[in-house]
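Right, one structure below, let's go through it.
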Amino acid sequence: MSRLLPIYSQRTFLLDALNALALRAQAAATTVPHSLIEDCLVSLALEEMCHIVQVQGRAGYRHPATVLEQALDTIERTLYRPDASHWSQYWQQVRETLKYPASQLESLQARLITTQQPEGLLEQQSVDAGVEVPFELVHLAELEVLVAVPLQERCYLDLERVQAQAGWLVSGDYYPFEIHVEDFTLTVSAAGEVVVSIQSFPNSLVRQVREQLRLVAQTLYTTRRPRFTARVEEPEALEPSPSQDEGE
Amino acid sequence: MPIEITLERRQLQLTRTEAALAKGATSRHALRRQFDRAIAAKQALFAPAGSLQVDEATLRWSIHRYSEQLVPDAMQQVKFFLSLSSPFYFEPGFAPLYYFTHKSGGQGVSVNKSTVAAIAEGVGAVILQRVMAARIIHCPYHDFPDLIGTAAASGTQITTSKLYLMEVKGACMRSVAEMRQTLDEEVFRLAAYTAAAQDLDPTHAIVGVLVGVVIQKLDLIHTLLIEVSV
């Protein structure tokens, strides 16, 4: 297996999946609601709702519409195509499924306050200077974890480059990969997030882990295309095909 | 702390008749007995399938990300419960927790079921990703099954990729044989569900996966996998 893997955030993955499933349903001219489409819509709406709560809650802003309505509105606009009208059959079921999670998120949003962080430990920090792919470092104080999230859609995980670093070790054949750096274990999720636990760590150690996470994320995220693609393209570009020779 | 997850797999390829029996078995007990006899005759037994090594931090993240159980630090809770059965429990400094033993008829304290379910779902998510190389796209809330994954490398490939429907059962301080018994009793439900899903979407290859997770020690978890396809 290649150690250079494309990263798809859960949102991008689900949007691509929904578009592919919708195209197939359209081609089959079926009017029966597809449970897989519904599952993807529910997951996507949850992702969207969490994003809305996080952004608006941190900014201290509250939209007059409910979180669920905002999320569904965003998804509907993103998936909109003039020739596709079949989405309407799913919204009612998605609303029904997400009624309680949405109300829970509403109450969380109302109570969301920025927790008092220890001096020097920012809750969120964007890293974009001197890196191939900009990323964000997030401190989830309640879970006692630090997370690095890539901010660019089209990028890759370069596990070979990580493995090549002295003292760093990559384990696992597939997600979740683990990167062992000194005594810390960092987990790489399918969405490209790098997570490290800081449970019961003193502040000085948290700063050290944060620095290690920054280094790992900087090494891991890349915009480089997989090498095997280049190998396939090169001969075609350099050598004319036999049929062209015959024609001449 | 590294955790070893040992695997035993059993694959069941159902015929149309067996799939129909599984569907009928959800509402008629006689058909369930027929289904049990039919799959027992297939001689598809559990076979050892190696093991996985994951760090405790990875499993903790997996529980947080994919479990629907609302439990704080499931690993820590089970670790405490398991420590009660350790001889070191009687050393000075351990709190004697005999308070509620009279209520369970002398059976002793029992582990928090939600905690075990949370760890089992976390282990299930790791297996779905590492063993089946699938991406988890949905965790139905208080619904069947526990996890839905796809073998698609990107969202655009979902229509041509295998789909996994995973249901997870967890137990702590029970034997593997007891878990086998539990899975044998549950397999018809997943078989019926997989067969129904395959009928609704014949273009997708659908695999139902029933996972039994037995937590023996916190660093040694035994799992049994039954893969059902029609």
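Each chain gets a letter, A, B and so on, in the order the sequences are listed, and its residues count up from 1. Predicted, not measured: the structure shown is a model, and the values here were computed from it.
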Any idea which of A:Ala191, A:Ser171, A:Pro176, A:Cys40 has the most non-hydrogen atom pairs under 4.5 angstrom with chain B? A:Pro176
B:Thr203-A:Arg24 side chain donor-acceptor pair, cut-off 3.5 Å: yes
Drop me the distance from B:Ile148's CD1 to A:Asp39's CG, to the nearest 0.5 angstrom. 4.0 Å
Part of residues 136-144 of chain B lying next to chain A, heavy-atom separation under 4.5 Å: B:Ile136, B:Ile137, B:His138, B:Tyr141
Contact between B:Trp61 and A:Glu193 at the side-chain level, heavy atoms closer than 4.5 Å - yes or no? yes
So for A:Leu186, is it side chain, backbone, both, or neither that comes closer than 4.5 Å to the heavy atoms of chain B? neither
Between CG on residue B:Leu200 and CG on residue A:Leu36, distance to nearest 0.5 Å: 11.5 Å
So for atom NZ, which belongs to B:Lys23, do other residues, nucleotides or ligands contribute more than 12 heavy atoms lying within a distance under 6.0 Å? yes
Report which part of A:Asn19 has an atom under 4.5 Å of a heavy atom belonging to chain B: side chain, backbone, both, or neither. neither
Just checking A:Glu69: does its CD atom have more than 12 heavy atoms from other residues, nucleotides or ligands closer to it than 6.0 angstrom? yes
Please classify the contact between B:Ala197 and chain A as side chain, backbone, both or neither, with a heavy-atom cut-off of under 4.5 Å. neither
Interface residues of residues 204-230 of chain B facing chain A - heavy atom cut-off under 4.5 Å: B:His204
Please flag which part of A:Glu47 lies under 4.5 Å from any non-hydrogen atom of chain B: side chain, backbone, both or neither. side chain
With heavy-atom distances below 4.5 Å as the criterion, would you say the side chains of A:Thr187 and B:Asp55 are in contact? no
Please classify the contact between A:Thr12 and chain B as side chain, backbone, both or neither, with a heavy-atom cut-off of under 4.5 Å. neither
Counting only heavy atoms closer than 4.5 Å, note whether B:Thr160 contacts chain A via side chain, backbone, both or neither. neither
CG of A:Leu140 to NE2 of B:His64: how many Å apart, nearest 0.5 Å? 7.0 Å
Residue selection (most heavy-atom pairs with chain B, distance under 4.5 Å) from A:Val145, A:Leu98, A:Leu143: A:Leu143
When the 4.5 angstrom heavy-atom criterion is applied to A:Leu14 and chain B, the contacting part is side chain
Heavy-atom closest contact (B:Asp73 atom, A:Gln199 atom, distance): OD2-NE2, 2.9 Å
Under a 4.5 Å heavy-atom cut-off, does chain A meet the side chain of B:Ala125, its backbone, both or neither? neither
Specify which of B:Ala133, B:Pro72, B:Ala57, B:Ala153 makes the most heavy-atom pairs with chain A at under 4.5 Å. B:Ala133
Answer whether the closest heavy-atom distance between the side chains of B:Arg60 and A:Ser197 falls below 4.5 Å. yes
Under 4.5 Å from any heavy atom of chain A, what part of B:Val131 do you find: side chain, backbone, both or neither? neither
Sort A:Leu23 into side chain, backbone, both or neither according to what part of it lies under 4.5 angstrom from a heavy atom of chain B. neither
Within-4.5 Å side-chain heavy-atom neighbours: B:Thr150 and A:Phe13: yes
Check for me whether B:Arg130 meets the cation-pi criterion with A:Tyr175, that is, NZ or CZ under 6.0 Å from the six-membered ring centre and within 45 degrees of the ring axis. no
Of the non-hydrogen atoms in B:Gly155 and A:Ala20, which two are nearest, and what is the gap between them? O-CB, 4.1 Å
Side chain proximity check, A:Tyr8 to B:Arg135, heavy atoms < 4.5 angstrom: yes
Tell me, for A:Val196 versus chain B, whether the close heavy atoms (under 4.5 Å) come from the side chain, the backbone, both or neither. neither
Applying a strict 4.5 Å limit to non-hydrogen atoms, the region of A:Leu44 in contact with chain B is neither
